Amino acid sequence: MTEEKKNPPNKPSALELSTKKLLKLQNELKGLAILQVEKYDGDIIPEGIITGKFEIERTMDSKRWIFNLLTTTNNVIGESRAYSSVSSVMNGIHSVIANAKKASIEDQTLKKAEILSFPKWVIYLDNSEKFNFILYASNGNPVIHSHGYANKVNCKKGIDSVIRACKNPMIEKTY
């Protein structure tokens, strides 16, 4: 048998076909913006998409630091207590990120409120009859609290906003 009969000259091998298909696909994809994604607790957030912002700033007396959590539209949805150092503020921020989604909600506005273990969200009424929330860390320390909401539904939406903002937040120092 001649060599031509064993391998016809114009018939490419399977490897050559696979390589050609791969090159064709690569050429088709050139110029397209492909978003890589990261997975956060079952929710997919495109890489580079910021879901919220923690702003670290000095207090009025300039001796302590606080952080605010902002939505992507720059609305403040939570504030911290005052901390004695920037590293303590960072620990507080990381605690919010770590505990926001896994914490259960304890509703102290109910007549028979069930007392839950930490970490937990606590919804309560302030002196002006506004609904507020506090996130308590696993160690029982409060790490973020809200401003007053007119109703409980909006207060719970505020908690959801904190959880969303913590999926892929940025941290900004404004001091």
Side-chain angles (χ1 to χ4, degrees), residues 33-62 64-110 113-175:
I34 299 171
L35 291 177
Q36 296 177 348
V37 295
E38 293 182 16
K39 195 165 182 134
Y40 293 93
D41 299 320
D43 298 321
I44 296 176
I45 303 293
E47 184 180 301
I49 300 297
I50 302 300
T51 57
K53 178 170 59 172
F54 287 95
E55 286 185 340
I56 301 171
E57 57 188 48
R58 285 188 178 257
T59 59
M60 295 291 239
D61 64 10
S62 295
R64 297 177 294 166
W65 290 264
I66 61 167
F67 66 82
N68 292 313
L69 177 57
L70 288 73
T71 64
T72 55
T73 57
N74 286 326
N75 293 320
V76 175
I77 51 176
E79 303 169 10
S80 75
R81 62 181 178 83
Y83 291 91
S84 60
S85 68
V86 173
S87 64
S88 296
V89 170
M90 291 302 294
N91 288 339
I93 290 171
H94 291 295
S95 181
V96 172
I97 294 167
N99 291 300
K101 185 166 180 138
K102 68 181 177 183
S104 299
I105 297 176
E106 178 179 303
D107 188 348
Q108 292 184 353
T109 65
L110 301 174
E114 180 185 356
I115 305 303
L116 303 174
S117 58
F118 300 111
K120 65 182 175 181
W121 293 97
V122 173
I123 295 176
Y124 68 96
L125 284 170
D126 63 18
N127 292 336
S128 58
E129 298 295 307
K130 299 270 186 179
F131 291 86
N132 292 263
F133 64 73
I134 299 175
L135 174 61
Y136 288 91
S138 299
N139 61 8
N141 288 334
V143 287
I144 197 166
H145 65 275
S146 70
H147 63 280
Y149 291 91
N151 58 57
K152 193 185 304 186
V153 169
N154 287 341
C155 187
K156 287 182 177 181
K157 285 180 182 178
I159 291 171
D160 289 339
S161 292
V162 172
I163 293 167
R164 267 192 318 278
C166 288
K167 289 179 183 171
N168 192 28
M170 91 182 225
I171 299 172
E172 181 177 284
K173 298 174 183 177
T174 58
Y175 56 91

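Index from 1, following the sequence. Please read these numbers as outputs of a predicted model, since none were measured by experiment.
When side chains are defined from C-beta on, Y136 counts as touching P142, because their heavy atoms get closer than 4.5 Å. The side-chain heavy atoms of F118 and N99, taken from C-beta on, include no pair separated by under 4.5 Å. Side-chain atoms of F131 and N154, non-hydrogen and from C-beta on, never get closer than 4.5 Å to each other. Counting only heavy atoms from C-beta outward, the side chains of I105 and I159 approach each other to under 4.5 Å. Considering only heavy atoms from C-beta on, L110 comes within 4.5 Å of K152 through its side chain. T51 is not listed as a side-chain neighbour of R164, based on a closest heavy-atom distance of 4.5 Å or more. Contact of the H145 side chain with the N132 side chain is not registered, since no non-hydrogen atoms from C-beta on lie closer than 4.5 Å.
When I171, N74, T71, L69 are each tested for a side chain to side chain contact (heavy atoms under 4.5 Å, CB included) with K53, only one passes: N74.
Between the CZ atom in R64 and the OG atom in S85 there is a gap of 12.5 Å [rounded to 0.5 Å]. The distance from the CD1 atom of I50 to the CG atom of L70 is 13.0 Å, given to the nearest 0.5 Å. Distance check: I66 CD1 to I144 CD1 gives 11.0 Å after rounding to the nearest 0.5 Å. K101 contributes atom NZ, which lies 10.0 Å from atom CG of D160 (distance to the nearest 0.5 angstrom). The distance from the NZ atom of K156 to the OG atom of S161 is 14.5 Å, given to the nearest 0.5 Å.
A pairwise comparison of heavy atoms in I77 and F133 identifies O-CZ, 3.3 Å as the closest pair. Across K167 and P169, no two heavy atoms sit closer than the pair C-CD, 3.7 Å. Nearest approach of E114 to E106, heavy atoms of both residues: O-CG, 3.2 Å. Shortest non-hydrogen contact noted between C166 and I97 is O-CG2, 3.9 Å. Summarising the geometry of G52 relative to T72, their closest heavy-atom pair is N-CG2, 4.2 Å, with the distance given to 0.1 Å. Nearest heavy-atom pair across A113 and D107 is CB-O, 3.2 Å.
Not one N or O on the side chain of S95 forms a donor-acceptor pair closer than 3.5 Å with the backbone of N91. Within the 3.5 Å criterion, the main-chain N or O of V76 finds no donor-acceptor partner in the side chain of N68. No donor-acceptor pair under 3.5 Å is formed between the side chain of T174 and the backbone N or O of E55.
With sequence neighbours excluded, the residues that form a ring pair (Phe, Tyr, Trp, His ring centres under 6.0 Å) with H147 are Y149.
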Does V143 form a side-chain contact (heavy atoms from CB on, under 4.5 Å) with H94? I'd like the steps, not just the answer. CA-CA 10 Å; V143 287; H94 291 295; over 6 Å; no
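Applying the salt bridge (Lys or Arg N to Asp or Glu O under 4.0 Å) rule to pairs touching residues 124-143 yields nothing, sequence neighbours excluded.
Using a 30° and 60° split on the angle between ring planes, F67 and Y83 fall in the parallel class, below 30°.
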